[in-house]
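Here's the structure we're looking at; comments come further down.
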Amino acid sequence: MDAQQIQQFCLSFPGAYADHPFGEDTTVFKVATGSTNGTGATGKMFAMLLFSDTRINLKCDPSVGPGLRAEHSAITPGYHMSKKHWITVDFAALDDEFARELVEDSYDLVVNGLPRRIQEKLKWKGLSARES
């Protein structure tokens, strides 16, 4: 999987869009919340792709992150992020399907924390929808 494929996958989720708040070298993928909260921000970040690199930062359940890092050398604590809630994934070193699952898990964690009205607007089925 290359950076362009990862970008396309991130943008395939309902309400997902790309932003460049840190400059053109870093693409941040957010879920549109429809609310600015007075800050000008219109979304919640679920992934950050480092330009010209094969690494992406993803939100991760704190109870899952340590196990993922222990099992996969391509997964490390979040680069320039909270090490408890974020992981950095070298997607070129992982199976494509597993990399996609990690991205989807990150999106789901963020959407799960949004108000129900936004979840409904996104037509999000919930965390358990994939497991059934």
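Side-chain atoms are counted along with the backbone in the values below, which use heavy atoms only and exclude waters and symmetry mates.
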Legend entry - Trace of the side-chain contact (heavy atoms from CB on, under 4.5 Å) decision for Asp105 with Leu58: CA-CA 9 Å; Asp105 289 349; Leu58 299 170; over 6 Å; no
Inset, instruction - List the steps, then state whether side-chain contact (heavy atoms from CB on, under 4.5 Å) holds for His80 with Trp86. - result: CA-CA 9 Å; His80 286 297; Trp86 290 85; over 6 Å; no
Inset, instruction - Report the C-alpha distance between Cys10 and Leu49 in whole Å, list the side-chain angles of each, state the deciding distance to 0.1 Å, and finish with yes or no for side-chain contact (heavy atoms from CB on, under 4.5 Å). - result: CA-CA 10 Å; Cys10 287; Leu49 184 63; over 6 Å; no
Legend entry - side-chain contact (heavy atoms from CB on, under 4.5 Å) evaluation trace for Val103 with Phe13: CA-CA 10 Å; Val103 173; Phe13 296 106; 3.8 Å; yes
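Looking at every heavy atom in both residues, Ala32 comes nearest to Ile118 through O-CG2, 4.0 Å. What you find for Val111 and Gln119 is that their closest heavy atoms are O-NE2, 2.8 Å. For Thr27 against Ala18, the heavy-atom pair with the smallest separation is CG2-CB, 3.8 Å. Scanning both residues, Arg69 and Thr76, for their nearest heavy atoms gives CD-C, 3.5 Å. The shortest heavy-atom contact between Pro14 and Val31 is O-CG1, 4.4 Å. Residues Thr88 and Tyr79 come closest through the heavy atom pair OG1-N, 2.7 Å.
We find the CZ-CD distance between Arg100 and Gln5 to be 7.0 Å, quoted to the nearest 0.5 Å. Taking NZ from Lys59 and CE from Met81, the interatomic distance works out to 8.0 Å, rounded to the nearest 0.5 Å. Remark: Ile6 CD1 to Thr54 OG1 distance equals 9.5 Å, nearest 0.5 Å. Cys60 SG to Leu102 CG: the interatomic distance, rounded to the nearest 0.5 Å, is 7.5 Å. Summarising the geometry, atom CD1 belonging to Ile56 is positioned 10.0 Å from atom CZ belonging to Phe9; distances are rounded to the nearest 0.5 Å. Between the CG atom of Asn57 and the NE2 atom of His85 there is a distance of 14.0 Å, given to the nearest 0.5 Å.
A donor-acceptor pair under 3.5 Å links the side-chain atoms of Asp96 to the main chain of Met1, judged by distance alone. In this structure, Glu120 contributes its side chain and Arg117 its backbone to no donor-acceptor pair below 3.5 Å. Not one N or O on the side chain of Lys30 forms a donor-acceptor pair closer than 3.5 Å with the backbone of Lys44.
Leu11 and Phe91 fall within a single hydrophobic cluster, where Ile, Leu, Val, Met, Phe, Trp and Tyr are joined by side-chain heavy atoms under 4.5 Å apart, directly or via other members.
Contact check for Val64 versus Ile87: no side-chain heavy atoms found under the 4.5 Å cut-off. The side-chain heavy atoms of Val89 and Phe98, taken from C-beta on, include no pair separated by under 4.5 Å.
Heavy atoms from other residues, nucleotides or ligands lying under 6.0 Å from NZ of Lys83 number more than 12. No more than 12 heavy atoms of other residues, nucleotides or ligands lie within 6.0 Å of CD in Gln4, so this atom counts as exposed by the packing criterion.
Using cut-offs of 30° and 60° on the angle between ring planes, the pair Phe29 and Phe46 is tilted.
Between the side chains of Asn112 and Trp124, no donor-acceptor pair of N or O atoms lies under 3.5 Å. Between the side chains of His20 and Thr26, no donor-acceptor pair of N or O atoms lies under 3.5 Å.
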